Protein chains: 2
Amino acid sequence: MTLPALSDIPDTAAIAGLIRIENSDKDATTPIIMDMLRSVYPHDKIYGDFCTVQGYIDADPRAVFEYLSDTRSLEEWTYSLRGFTETDKPGLWLAYDRLGDQTKIYTRTVASADAMTVDYHCAWDQGEHLWMIYLMRVVDAQVVFNKPGAVVLWTNCHHPFYDQNGYPETAPKKRPVWVGDFWDMFSAGHQLELDNLRAICEYRAARGLPIKPEWMQ
Amino acid sequence: MTLPALSDIPDTAAIAGLIRIENSDKDATTPIIMDMLRSVYPHDKIYGDFCTVQGYIDADPRAVFEYLSDTRSLEEWTYSLRGFTETDKPGLWLAYDRLGDQTKIYTRTVASADAMTVDYHCAWDQGEHLWMIYLMRVVDAQVVFNKPGAVVLWTNCHHPFYDQNGYPETAPKKRPVWVGDFWDMFSAGHQLELDNLRAICEYRAARGLPIKPEWMQ
């Protein structure tokens, strides 16, 4: 005999906040849903703990994934990360974030070809603890939008070091800014960079150029 | 000699909308960024083309991933998907969405253990073209929030069939609703279901119960 769902929990009413059609029918749940919806949402409600931007790119998704998977693509589509060179630790790259007055930024890229995820594990100043994580994923637009192309999802999580530098001793003296000072602007800044990514990929795709350019080969 | 970034593009000014520190310095870019930011955002701006919800769960991320990877977990944490049985096509499950007056829903789950992505490919009424895609990902909170636990990211894309059923001939006659009628409520509905997922996982984790329960083994 097959046990039913939630059969390990003697009394599901003991689970605070559990709302299923069995304990809260449509008439009971509709007002709960309506009360969660707003005509407008405050910035901090949407971009406080997580900063997600997403967009469509008219280019082959696998090619966009291969491009993003190369750490040096950041040299092209980001606003201010420049001068990528691999360190003596394989896969760990050093660059400069020109936003931070020639601040060093370390990056290790972890990509999964299977799910087309590309995670940039980064940090300002030091390369030992890469706590600034850019979680990206490329999705085939044919599947989710019924048209050719790529969808890119990009989420950053509000790590506590954005609010307080965990490694202040590694910061250049008298640097006037900290990366976390920009958290409230990440939604716009990352959208701007995603627009850069789209513009570069679509320019190349429209002209038959490789999405991942020759200089990265 | 190494070629520089964007060396395949003779004139980057030809790429409309490309904003990099080389062509738009901080003084020029700050007002662009500020103009993209709002104190409040309209619902459709945030949840029009994409519906993303995300949250923290105080449970082991690998265990949450293993749980989500089993299609039958939907029987527990969704509001209204019930009665999952595997069809004669391996990996394709039939259930009922009780929101749709006992509407059939077909689901194929594609999980990647490497990136901890779990994609539910679903459709109401027919199992041939699974166009309702629930893109989920579990992330180790230690990495992104510096604390134990799991982060769950969940994005749906506004497929055109939400606006117009691509397979009307498969719909039960006189059914009063279509799944796309609920698109504008997905942000709240999915948040409610993510809260269910959190509540169930945290209940089990706090009591030492397996996150993926016995009845799914």
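This is a predicted model, so every value here is computed, not measured. Labels below follow one simple rule: chain letters A, B, ... track the order of the sequence lines, proteins then strands, and each chain is numbered from 1.
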field: Option that, when pairs with chain B are counted at under 4.5 Å, heavy atom only, ranks first among A:Lys26, A:Gln191, A:His121
entry: A:Lys26
query: Checking B:Met34 against chain A: side chain, backbone, both or neither under 4.5 Å from a heavy atom?
result: side chain
query: When heavy-atom pairs shorter than 4.5 Å are enumerated against chain B, which of A:Asp44, A:Asp184, A:Val143, A:Asp35 gives the highest number?
result: A:Val143
query: Which region of A:Arg137, side chain (C-beta onward) or backbone (N, CA, C, O), has a non-hydrogen atom less than 4.5 Å from a non-hydrogen atom of chain B, or is it both or neither?
result: side chain
- prompt: Which of the residues B:Thr117, B:Ile15, B:Ile21 is involved in the greatest number of heavy-atom pairs with chain A at under 4.5 angstrom?
  reply: B:Ile21
- prompt: Where on B:Val110 is there a heavy atom nearer than 4.5 Å to chain A: the side chain, the backbone, both, or neither?
  reply: neither
field: Test side chain to side chain contact (heavy atoms under 4.5 Å, CB included) applied to A:His43 and B:Arg38, step by step
entry: CA-CA 7 Å; A:His43 179 91; B:Arg38 296 284 183 278; over 6 Å; no
Separation between CZ of B:Phe186 and CD1 of A:Ile33, rounded to the nearest 0.5 Å: 11.0 Å
query: Are the side chain of A:Asp114 and the backbone N or O of B:Ser112 linked by a donor-acceptor pair below 3.5 Å?
result: no
task: Would you check if the side chain of A:Tyr79 reaches a backbone N or O of B:Thr29 as a donor-acceptor pair within less than 3.5 Å?
output: no
query: Checking B:Arg198 against chain A: side chain, backbone, both or neither under 4.5 Å from a heavy atom?
result: neither
Part of B:Phe161 lying under 4.5 Å from any heavy atom of chain A: side chain
message: I'd like to verify something: which residue of B:His159, B:Arg98, B:Met36 has the highest number of heavy-atom pairs under 4.5 Å with chain A?
response: B:His159
- request: Check for a donor-acceptor pair, side chain of A:Asp8 on one end and backbone N or O of B:Pro213 on the other, with a separation under 3.5 Å.
  value: no
message: If I take atom CH2 from residue A:Trp131 and atom CD from residue B:Gln142, how far apart are they, to the nearest 0.5 angstrom?
response: 14.5 Å
field: Portion of A:Tyr162 that has a non-hydrogen atom of chain B nearer than 4.5 angstrom
entry: neither
message: Tell me the closest heavy-atom pair linking A:Leu192 and B:Ile19, and the distance in Å.
response: CD2-O, 3.6 Å
query: Tell me, side chain or backbone of B:Ser39 under 4.5 Å from chain A's heavy atoms, or both, or neither?
result: backbone
message: Can you tell me which portion of A:Leu153 sits under 4.5 Å from chain B's heavy atoms? Options are side chain, backbone, both or neither.
response: side chain
message: With a sphere of 6.0 Å drawn around CD of A:Gln217, does it hold more than 12 non-hydrogen atoms of other residues, nucleotides or ligands?
response: yes
statement: Ranking B:Val151, B:Asn23, B:Leu135, B:Asp49 by heavy-atom pairs under 4.5 Å to chain A gives rank one to B:Leu135
CG-CD distance between A:Leu6 and B:Glu75, expressed to the nearest 0.5 angstrom: 9.0 Å
query: Under the side chain to side chain contact (heavy atoms under 4.5 Å, CB included) criterion, do A:Arg82 and B:Glu22 qualify, and how do the steps go?
result: CA-CA 10 Å; A:Arg82 299 295 182 267; B:Glu22 290 82 358; 2.7 Å; yes
Residue B:Leu197 versus chain A: region with a heavy atom under 4.5 Å: neither
task: Under 4.5 Å heavy-atom distance to chain B, tell me which part of A:Ile133 shows up: side chain, backbone, both or neither.
output: side chain
- prompt: Between B:Tyr203 and A:Thr12, is there a donor-acceptor pair closer than 3.5 Å when you use the side chain of the first and the backbone of the second?
  reply: no
message: Ring centres under 6.0 Å, that's the criterion: do A:Phe145 and B:Phe50 meet it?
response: yes
query: Heavy-atom distance under 4.5 Å to chain B: side chain of A:Arg204, backbone, both or neither?
result: side chain
- request: Please report the shortest heavy-atom distance between B:Tyr41 and A:Ser187, naming the atom on each side.
  value: OH-OG, 4.3 Å
- prompt: Taking B:Asn156, B:Thr78, B:Leu99 one by one, which has the highest count of heavy-atom pairs under 4.5 Å against chain A?
  reply: B:Leu99
task: Measure the shortest side-chain to side-chain distance between B:His158 and A:Val144 over non-hydrogen atoms and say whether it is less than 4.5 angstrom.
output: no
message: Taking B:Glu76's backbone N and O only, do any of them form a donor-acceptor pair with A:Arg20's side chain (distance below 3.5 Å, no angle check)?
response: yes
Contacting region of A:Ala141 [heavy-atom separation from chain B under 4.5 Å]: neither
field: chain A contact via B:Leu209 - side chain, backbone, both or neither, heavy atoms under 4.5 Å
entry: side chain
- prompt: Going from CH2 on A:Trp77 to CG on B:Leu18, what distance comes out if it is rounded to the nearest 0.5 angstrom?
  reply: 12.5 Å
message: Only pairs of heavy atoms separated by less than 4.5 Å count here; which of A:Asp195, A:Val139, A:Asp119 has the most with chain B?
response: A:Asp119
message: Looking at A:Glu128, I'd like to know if its CD atom is crowded, meaning that more than 12 non-hydrogen atoms belonging to other residues, nucleotides or ligands lie closer than 6.0 Å.
response: no
- request: Would you tell me whether A:Thr52 and B:Gln54 have side-chain atoms, one donor and one acceptor, within less than 3.5 Å of each other?
  value: yes
- prompt: Is the closest side-chain heavy-atom distance between A:His129 and B:Asn146 below 4.5 Å?
  reply: yes
query: Out of B:Gly166, B:Ser80, B:Ala16, B:Ala115, which one racks up the most heavy-atom pairs below 4.5 Å with chain A?
result: B:Ala115
